[in-house]
Amino acid sequence: MKVLVLGGDGFCGWPTSLHLSDIGHDVTIVDNLSRREIDLELEVESLTPIRPIGERIRVWKELTGNEIDYVHLDLAREYDRLEALLRETQPDAIVHFGEQRAAPYSMRNATAKRYTVDNNVTGTHNVLCAIVQSGLDIALVHLGTMGVYGYGWSGSAPIPEGYLTVKVPTPDGDIEREILHPANPGSVYHLTKTLDQLLFAFYCANDQVRVTDLHQGIVWGTQTPQTALDERLINRFDYDGDYGTVLNRFLMQAAIGHPLTVHGTGGQTRAFIHIRDTVRCIQIALENPPERGDKPKVFNQVTETHRVRELAELISKITGAEIANLPNPRREAAENELNVSREHFLELGLNPTRLSEGLLEESRDVAVKYRDRADTTKIIARSVWRQGMETSPDLVKPQ
Ligand code: NAD
Ligand code: USQ
């Protein structure tokens, strides 16, 4: 299969590109390297020493003989080049990771909010529009987020895979309708993913574009069998207050002896998936596309759920790290239940990596191995959801 991986230099996109190439697909990465530019803006680097994209691709060819092409292109700003690329490469499928993905970054200031909306919504719309204009039947797999459903709206009711059946009162009695699950975004970033959903619904109905939207939970872990082949292929590991996600942050904090930074009570329940399972899920989604004329196919891409404080306690037990309860810089429910339906991927053969299996390996092979590269001034989350919620570094005290 000829596959374009949009955002293929990123944390999920790079290991997915290698996995797809490894199983015989013809992969072209499209990326404008904006994530590397944001590292420069934030004056922070991946904990792992990631190599430039050209070197990554050369090493992959050297080791496996497989070629991956790379095109530097901004999805949101270079529409004509994007459409021409589709006509030229004629892909069977596109995997779309190419968005600004950090909720705290998206809440930093007006510039970051506007960039996140412009980049993500225009980029996704450009991809859909280019598929239609190309006249090709290209299946699109998009990375959405569990956060489109929000946390707590439906209490402990199971979160379905995308759609909810509701009763609509009419003068002739109730009728049943299937609707997109109500959107309840918790940040400007999550808001863009809810807007993406409407773009997909429209283009599927109007133009019969085939779309799979993967509502992914928080990805943890770093390496896949392919990225672990050679240190020059290593995947990125974000630990800073904007881009680092909670479990990887806790692992890194434990490795350098920093208290684990629990926001509030840590009663937030979130969904998780290991990066090794992300790449398998993308493969499964590519192998099981919807038919033309179908509504967007939605999979919840998660393997387990945990409360933040339980994760902190688990890591503290393994490593002896102290736990610090910080004022929460976000606006989010202090405690929530999360009951997620995830039948699709299990039915299609996913055999998930459990937290209990991968944690020690991740701590030893990544967090401890590269801990000397950490900049401790970048750990505390400083982006706040509303002015006046600023977190003081003095508050990072053990419990
Ligand atoms: P990332 O920031 O590491 O990678 C995104 C890549 O897209 C980067 O390489 C960036 O340079 C590129 N990009 C961004 N805007 C672009 C544009 N306009 N044109 C071309 N390239 C562009 O993020 P990630 O963690 O790999 O996430 C990938 C996708 O998966 C995102 O859409 C994110 O919302 C989703 N997701 C991620 C997680 C997670 O925990 N990392 C969880 C759920 C969903
Ligand atoms: N949290 C802490 N301490 C920290 C960091 C985070 O307590 O040091 C808490 C946050 O307050 C939040 C939870 O942990 O309640 C998760 O935060 P996160 O930064 O790990 O994840 P989030 O902001 O939700 O975003 C990440 C990815 C995003 C993806 C999303 C999936 O960055 O791209 O869409 O996970 S989900 O959360 O399922 O929507």
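Each ligand, and each atom within it, is numbered from 1 in the order the structure gives.
- Remark: atom 25 (O) of ligand 2 lies closer than 4.0 Å to no protein heavy atom.
- Remark: ligand 2 atoms within the under-4.0 Å shell around heavy atoms of Tyr151 are 36 (S), 37 (O), 38 (O), 39 (O).
- With Glu362 contributing its side chain and Thr222 its backbone, the two residues share a donor-acceptor pair below 3.5 Å.
- The shortest N or O to N or O distance between Gly10 and ligand 1 is under 3.5 Å.
- Aromatic pair Tyr105/Tyr243: ring centres closer than 6.0 Å.
- Look at Gly217 and you'll find a heavy atom under 4.0 Å from some atom of ligand 2.
- The shortest N or O to N or O distance between Cys12 and ligand 1 is below 3.5 Å.
- Here the heavy atom of the protein found nearest to atom 30 (C) of ligand 2 is Thr145 OG1, 3.7 Å.
- In summary, the atoms of ligand 1 found under 4.0 Å from a heavy atom of Tyr189, numbered by their order in the structure, are 33 (C), 34 (O).
- Of all atoms in ligand 1, numbered sequentially from 1 with element shown, those under 4.0 Å from a heavy atom of Leu73 are 19 (N), 20 (C).
- Every N/O-N/O distance between Ala103 and ligand 2 stays at or above 3.5 Å.
- Taking atom 2 (O) of ligand 1 as the reference point, the nearest protein heavy-atom neighbour is Arg35 CD, 3.2 Å.
- Of the protein's non-hydrogen atoms, Arg101 NH1, 2.8 Å is the one closest to atom 32 (O) of ligand 2.
- Counting only N and O atoms by type, the side chains of Gln253 and Thr261 include a donor and acceptor under 3.5 Å apart.
- Of the protein's non-hydrogen atoms, Leu143 CB, 3.8 Å is the one closest to atom 35 (C) of ligand 1.
- The distance from ligand 2 to the heavy atoms of Val262 drops below 4.0 Å at these ligand atoms: 7 (O).
- For ligand 2 and Arg270, the ligand atoms under 4.0 Å from any heavy atom of the residue are 15 (O).
- At the top of the distance list for atom 19 (O) of ligand 2, counting protein heavy atoms only, stands Arg330 NH2, 2.9 Å.
- With a 4.0 Å heavy-atom cut-off, ligand 2 is reached by no atom of Tyr243.
- Each of the atoms 17 (C), 18 (N), 19 (N) of ligand 1 lies under 4.0 Å from some heavy atom of Asp74.
- Counting atoms of ligand 2 from 1 in the listed order, those under 4.0 Å from a heavy atom of Gln216 are 31 (C), 38 (O).
- Considering backbone and side-chain atoms together, Tyr115 places no N or O closer than 3.5 Å to any N or O of ligand 1.
- When atom types are taken as modelled, the side chain of His274 and the backbone of Gly221 share no donor-acceptor pair closer than 3.5 angstrom.
- The residues Glu62 and Arg232 are annotated as salt-bridged, a charged nitrogen and a carboxylate oxygen being separated by less than 4.0 angstrom.
- In this structure, the side chains of Val340 and Pro158 stay at 4.5 Å or more apart for every pair of heavy atoms.
- Ion pair Arg309/Glu335 flagged as a salt bridge, since at least one NZ, NE, NH1 or NH2 atom sits closer than 4.0 Å to an Asp/Glu carboxylate oxygen.
- At a heavy-atom cutoff of 4.0 Å, ligand 1 is contacted by no atom of Leu6, backbone or side chain.
- In terms of N/O distances under 3.5 Å, ligand 1 is not approached by Thr245.
- A salt bridge between Lys297 and Glu161 is absent, with no side-chain N of the basic residue lying under 4.0 Å from a carboxylate O of the acidic one.
- Annotation for ligand 2: atoms under 4.0 Å from non-hydrogen atoms of Gln268 are 11 (O), 15 (O).
- Looking at atom 7 (O) of ligand 2, its nearest protein heavy atom turns out to be His263 N, 2.8 Å.
- Taking the six-membered ring for Trp and the full ring otherwise, His181 and Tyr163 have centroids separated by 6.0 Å or more.
- Backbone and side-chain nitrogen or oxygen atoms of Asp238 are examined, and none is located within less than 3.5 angstrom of a nitrogen or oxygen of ligand 1.
- Counting atoms of ligand 2 from 1 in the listed order, those under 4.0 Å from a heavy atom of His190 are 24 (O), 39 (O).
- Comparing Val308, Thr269, Leu143 against atom 13 (C) of ligand 2, the shortest heavy-atom distance belongs to Val308.
- Taking the six-membered ring for Trp, His215 and Tyr149 have ring centres closer than 6.0 Å.
- Two residues are said to be in side-chain contact when any heavy atoms from C-beta on lie closer than 4.5 Å; Ile318 and Ser363 fail this criterion.
- Considering only non-hydrogen protein atoms, atom 35 (O) of ligand 2 sits nearest to Ile218 CG1, 3.2 Å.
- Which parts of ligand 2 touch Thr261 is read off a 4.0 Å heavy-atom cut-off, strictly below it: atoms 2 (C), 3 (N), 4 (C), 7 (O), 8 (O).
- In terms of modelled atom types and a separation under 3.5 Å, the side chain of Trp60 and the main chain of Gln226 share no donor-acceptor contact.
- Residue Gly217 places a heavy atom under 4.0 Å from ligand 1.
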